[in-house]
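Taking it in order: structure first as structure tokens, then the write-up.
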Amino acid sequence: GENVEQHPSTLSVQEGDSAVIKCTYSDSASNYFPWYKQELGKRPQLIIDIRSNVGEKKDQRIAVTLNKTAKHFSLHITETQPEDSAVYFCAAIGGAQKLVFGQGTRLTINP
Amino acid sequence: DTGVSQDPRHKITKRGQNVTFRCDPISEHNRLYWYRQTLGQGPEFLTYFQNEAQLEKSRLLSDRFSAERPKGSFSTLEIQHTEQGDSAMYLCASRRNRDLKTDTQYFGPGTRLTVL
């Protein structure tokens, strides 16, 4: 079955700098890759997603890139703000229709 | 609020007791998923329904766990003879049928279970 690896597990950046979180997946049949943000005690919330027929997608300060050949995808947050502090999860979904999540990255934005 | 809702939000029980959680998906979302999340980990898939049919169950879902979606709307997850290892956040998510080319799963607030 699908396996998703996420790095780093923790990331600390200065406010205004960029943050990058990387994930790799194992199942070449996976075709949808969402990113969720989860604040302490709250539900995971979708922040951006990408399908396998697209290499890059951007939404304001957030972008996701996908390399199907290498089976990895990355989340890029530019001009980070204190409210970006949270745990971020990547996930992959394929024929099995279930989300397989990475282990999560705790992002801390230092003022 | 038209999002996914779950009840209760918190449940504390003693080992050996049975518990039942409820999930109400977004209206017209015919796919409903249950996930379990332990502290510091990503959510893990448990099971999912398309309408009232339970289509897949994870091997994480032991015989003590059962899920239903009798009318294709809300779903219940029951855990019998709870164990301390069952302590976790139980998350529900819903999405539209794949035919509409919408893969996004929307999560509920979760039910946090503590087994003493």
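In the text below, chain A, chain B and the rest are named by the order of the sequence lines, each starting its count at 1.
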Are more than 12 heavy atoms from other residues, nucleotides or ligands located less than 6.0 Å from atom CZ of Arg15(B)? no
Given heavy-atom pairs under 4.5 angstrom as the criterion, report whether the side chain, backbone, both or neither of Pro44(A) touches chain B. both
Do other residues, nucleotides or ligands put more than 12 heavy atoms under 6.0 Å from Gln80(B) CD? yes
Exercise: identify the closest heavy-atom pair between Pro109(B) and Arg43(A): CD-NH2, 3.6 Å
Going hydrophobic residue to hydrophobic residue with side-chain gaps under 4.5 angstrom, can you get from Phe49(B) over to Leu91(B)? no
Does Val54(A) belong to the same Ile/Leu/Val/Met/Phe/Trp/Tyr cluster as Leu75(A), with side-chain heavy atoms less than 4.5 Å apart forming each link? yes
Can you list the residues of residues 100-111 of chain A that sit under 4.5 Å from chain B, counting heavy atoms only? Phe101(A), Gly102(A), Gln103(A)
Quick one: are Tyr32(A) and Gln105(B) in side-chain contact, heavy atoms under 4.5 Å? no
Would you kindly confirm whether Ile77(A) and Leu66(A) end up in one hydrophobic cluster when ILVMFWY residues are joined by side chain heavy atoms under 4.5 Å apart? yes
Is there a path of hydrophobic side-chain contacts, each under 4.5 Å between heavy atoms of I/L/V/M/F/W/Y residues, joining Leu77(B) to Leu55(B)? no
Consider only side-chain heavy atoms of I, L, V, M, F, W and Y, link residues closer than 4.5 Å, and tell whether Trp35(A) and Val87(A) are in one cluster. no
Please flag which part of Gln38(A) lies under 4.5 Å from any non-hydrogen atom of chain B: side chain, backbone, both or neither. side chain
Nearest-0.5 Å distance, NZ of residue Lys98(A) to CD of residue Glu44(B): 11.0 Å
Should the heavy atoms of other residues, nucleotides or ligands under 6.0 Å from CG of Leu60(B) be counted, would the total exceed 12? yes
Gln60(A) CD: over 12 foreign heavy atoms closer than 6.0 Å: no
Does any heavy atom of chain A fall under 4.5 Å from the side chain of Gln37(B), the backbone, both, or neither of them? side chain
Tyr35(B) OH to Leu99(A) CG distance, which is reported to the nearest 0.5 Å: 3.5 Å
